[in-house]
S.K.: 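Here's a structure for you.
In what follows, every chain begins at residue 1, and chains take the letters A, B, ... in the order their sequences are listed.
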Protein chains: 2
Amino acid sequence: MVAETQNGRETDGALGEWLADELLRRILSGEVPVGSWIRHAAVAEEFGVSRTPVREALRVLHAQGVVTITPNRGARVNGHSGRDIRELGAVRGELEGLAAELAAGLIDDDQLRRLNSAWDRYDRAVDAHQAADPEADPAGVTEAARLWAEANEDFHGVILEAAASHQLSLTIAEISRRLPRNSAFAAYAGNSRLLRQNSAEHRQIAEAINAGDAARARRAMTRHVRSSAEALARWVENQGQSRDR
Amino acid sequence: MVAETQNGRETDGALGEWLADELLRRILSGEVPVGSWIRHAAVAEEFGVSRTPVREALRVLHAQGVVTITPNRGARVNGHSGRDIRELGAVRGELEGLAAELAAGLIDDDQLRRLNSAWDRYDRAVDAHQAADPEADPAGVTEAARLWAEANEDFHGVILEAAASHQLSLTIAEISRRLPRNSAFAAYAGNSRLLRQNSAEHRQIAEAINAGDAARARRAMTRHVRSSAEALARWVENQGQSRDR
DNA sequence: GGCCCCAGTTTTGCATCCAATCGATCCGTC
DNA sequence: GACGGATCGATTGGATGCAAAACTGGGGCC
């Protein structure tokens, strides 16, 4: 249970930083459920460090809006209401729309190739997911699902890279921290129609960028991000009815 | 120099948090110059606390992109190149544009009144600033300058409030942390033409919101924020030529 | 039977202490 | 005189210790 003290962590002497990343990963992946408390002592023991770097990591996560620290009480993982998710979708839609607009004018051959590859892989992963999963895996973390999630990240990542704006990337990364991905995972894994729609939207965006049509790329991207957020918001709201919190 | 240990700080037991705010304020105001190192011991002594909360505060500022922490070396205040500032202007332009669009449809009477008040105060402060300052105050922190800076904050603040999107506010606040305001201060204080132009842009935005024309409000706001950033970027680039860093 | 109060325990928050690392300076050698 | 290496000082990074605050449970009182 303690065990890992040095499982190749390459910390560069920034232990608190590394802890923040690791905790963030667990929170986004859903290993640490929304609403749960994070205890200094528990984390410290698990990673084989003292409470000091744990405190630092938690304060960083608090500053990033991932957890909330109540004085003398502790840190708990932030959840988001449907409204929050829609708002985040609007914000992210603007920024990714801007990225798509910039990318349409700046993308190079290699990035274009990777963009089309990502879109293609996404498509095929959805096919595989739909074919191989006849309600057999309610948890939704099939291999195919992992693949389309990865392809999706690549798709958006290449566009962001092509936009070549460091501050834009930073800001989008900041927003992504506020949205647990496993929610998106679960919301999409069970709804093939959404996956298909996403795929079609990706194709439209890729086409516009291929054609160098900045305005169209932007509109398509903004619409895509917003509709994804809308779907996620509805899923969360439905879940909320049956699950206590 | 030590002195203040308890000058009404009302910390609620969140000392690290308070320190981060205070340090951020000093950095944004320019009291702590860009590029300078921030030493744990110095800050700890000045505020009469131990190094532990100082460390936490610096890590928070690092996570927010305000300072950079080099392992085993320390934290130094981040500056921004002209390019960074233009990128930030593009990002912020999108988000404040969205805010203006939303505000045009949601603003209530009281907010509308405060919006027009802010715009009016800005105008008058610029008049006063221009009249009272015949190159007499190169530092640029005249009373009139303070007034227009405040009116400017109010103007943007009311629009953001009317947009009624918590996540949007959070994101814009996040971006604001990356831009030292004293730069903007100094850049504008010496250039009346820019102040006038800003004033005119504010009026256009206010008019569009008054008229409930969301699309026009958005365009005007985006253009306004971008041109402000462009002016600031040029000022920083010119400064950079004569000043070492 | 329900409510309130009080002690015990848990947990956070900060301070202090010790180790590790980096840069600077000084010395020796070529 | 210049370069290379070792030692010293300064500074950060992490661990531990201790006090304060908040939850928990139990007992007494109304």
Side-chain angles (χ1 to χ4, degrees), chain A residues 1-23 27 32-33 35-64 66-78 244-245, chain B residues 1-23 27 32-33 35-64 66-78:
Chain A
M1 209 176 291
V2 172
E4 47 190 10
T5 307
Q6 68 237 54
N7 53 358
R9 67 184 180 211
E10 298 291 334
T11 65
D12 288 5
L15 196 44
E17 211 74 13
W18 175 75
L19 268 176
D21 283 352
E22 182 61 19
L23 286 175
I27 290 169
V32 180
S36 65
W37 293 96
I38 301 182
R39 303 271 163 232
H40 295 179
V43 178
E45 188 184 1
E46 175 171 6
F47 292 96
V49 299
S50 86
R51 281 175 41 221
T52 308
V54 176
R55 274 177 53 87
E56 287 176 14
L58 288 177
R59 252 182 217 293
V60 168
L61 293 179
H62 173 61
Q64 292 172 340
V66 177
V67 304
T68 299
I69 293 183
T70 310
N72 293 316
R73 295 289 314 281
R76 75 186 324 186
V77 179
N78 280 341
D244 59 331
R245 176 6 191 104
Chain B
M1 210 175 290
V2 172
E4 46 191 8
T5 305
Q6 69 238 52
N7 53 358
R9 68 186 180 209
E10 298 291 334
T11 65
D12 287 2
L15 197 43
E17 209 74 11
W18 176 73
L19 269 175
D21 283 352
E22 182 61 20
L23 287 175
I27 291 169
V32 180
S36 65
W37 293 96
I38 300 182
R39 302 272 161 231
H40 295 179
V43 178
E45 188 184 1
E46 175 171 5
F47 291 97
V49 299
S50 88
R51 279 176 44 220
T52 308
V54 176
R55 275 174 51 90
E56 288 175 12
L58 287 177
R59 253 184 216 291
V60 168
L61 293 179
H62 173 61
Q64 293 174 338
V66 177
V67 304
T68 298
I69 293 183
T70 310
N72 292 315
R73 295 294 313 283
R76 77 187 321 187
V77 180
N78 279 343

S.K.: Hey, what do you get for CZ (Arg55(B)) to CZ (Arg55(A)), rounding to the nearest 0.5 Å?
M.R.: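 Separation between the atoms: 11.0 Å.
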S.K.: Would you tabulate the pairs of protein nitrogen or oxygen atoms and nucleotide nitrogen or oxygen atoms of nucleotides 20-24 of chain D closer than 3.5 angstrom?
M.R.:
residue	atom	partner	partner atom	Å
dC23(D)	OP1	Arg73(A)	NE	3.3
dC23(D)	OP1	Arg73(A)	NH1	2.9

S.K.: For a side chain to side chain contact (heavy atoms under 4.5 Å, CB included) check, start with the C-alpha distance between Val43(B) and Glu46(B), then their side-chain angles and the critical distance, and finish with the verdict.
M.R.: CA-CA 5 Å; Val43(B) 178; Glu46(B) 175 171 5; 5.7 Å; no
S.K.: Without decimals, in angstroms, what is the distance between Glu45(B) CD and dT11(D) C1'?
M.R.: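 For the pair Glu45(B) CD and dT11(D) C1', the rounded distance is 15 Å.
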S.K.: Output all residues satisfying side chain to side chain donor-acceptor pair (under 3.5 Å) with Thr68(A), sequence neighbours left out; order by chain, then residue number.
M.R.: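 For Thr68(A) the side chain to side chain donor-acceptor pair (under 3.5 Å) partners, ignoring immediate neighbours, are Asn78(A).
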S.K.: For His40(B) and Thr52(B), take the nucleotide of DNA chain D holding the closest heavy atom to each; which residue's nucleotide lies nearer the 5' end?
M.R.: His40(B)
S.K.: Kindly compute the distance separating NE2 (His40(B)) from OG (Ser50(B)), expressed to the nearest 0.5 Å.
M.R.: 11.0 Å
S.K.: Round to a whole Å and report the spacing from CD of Glu17(A) to C1' of dT12(D).
M.R.: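 Interatomic distance, CD of Glu17(A) to C1' of dT12(D): 14 Å.
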S.K.: At 4.0 Å (heavy atoms only), tell me whether Leu19(A) reaches a base, stays on the sugar-phosphate, or touches nothing.
M.R.: nothing
S.K.: Applying side-chain contact (heavy atoms from CB on, under 4.5 Å) between Leu23(B) and each of Leu58(B), Val67(B), Val32(B), report the one that passes.
M.R.: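 Of the listed residues Leu58(B), Val67(B), Val32(B), the side-chain contact (heavy atoms from CB on, under 4.5 Å) partner of Leu23(B) is Leu58(B).
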S.K.: Calculate, to the nearest 0.5 Å, the distance between atoms CG and OG1 belonging to Leu19(B) and Thr52(B) respectively.
M.R.: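 Here the interatomic distance stands at 11.0 Å.
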S.K.: Just the rounded figure in Å: distance from P of dT11(D) to CZ of Arg76(B).
M.R.: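 Distance, rounded to whole Å: 15 Å.
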S.K.: Looking at dC14(C), dG13(D), dT12(D), which one has an atom nearest to any side-chain atom of Arg39(B)?
M.R.: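 That would be dT12(D).
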S.K.: Separation of Arg55(A) atom CZ from dC18(D) atom C1', in whole Å?
M.R.: 14 Å
S.K.: So what is the end-to-end bend of the helix from dG1(C)-dC30(D) to dC30(C)-dG1(D), with 5 pairs used at each end and the value given to 10 degrees?
M.R.: 10°
S.K.: Whole angstroms only, please: what is the CZ-P distance between Arg59(A) and dT12(C)?
M.R.: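 Going from CZ in Arg59(A) over to P in dT12(C) covers 12 Å.
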S.K.: Return yes if the base of dG13(C) and the side-chain atoms of Arg51(A) contain a donor-acceptor N/O pair under 3.5 Å, otherwise no.
M.R.: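 Counting by modelled atom types and ignoring angles, a donor-acceptor contact under 3.5 Å is found here.
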S.K.: Starting at atom CH2 of Trp37(B), determine the distance to atom C1' of dT11(D), rounded to an integer number of angstrom.
M.R.: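 Spelled out: CH2 on Trp37(B) to C1' on dT11(D) is 11 Å.
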S.K.: Quick check: on DNA chain C, is the nucleotide nearest Pro53(B) upstream (toward 5') of the one nearest Gly74(A), or the reverse? Name the residue that is more 5'.
M.R.: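 Of the two residues, Gly74(A) wins.
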S.K.: How many whole angstroms separate atom CG of Leu15(A) from atom P of dT21(C)?
M.R.: 13 Å
S.K.: From Leu61(B) CG over to Glu56(B) CD, what is the distance, rounded to the nearest 0.5 angstrom?
M.R.: 12.0 Å
S.K.: Which distance, rounded to the nearest 0.5 Å, do you find between the CZ of Arg76(B) and the OG1 of Thr70(B)?
M.R.: 7.5 Å
S.K.: What are the two closest non-hydrogen atoms of Ser36(A) and Pro33(A), and how far apart are they?
M.R.: OG-O, 2.8 Å
S.K.: Tell me what Leu58(A) touches on the nucleic acid: a base, only sugar-phosphate, or nothing, going by heavy atoms under 4.0 Å.
M.R.: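 No contact.
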S.K.: When the distance from NE2 of His62(A) to P of dG13(C) is rounded to whole Å, what number comes out?
M.R.: 10 Å
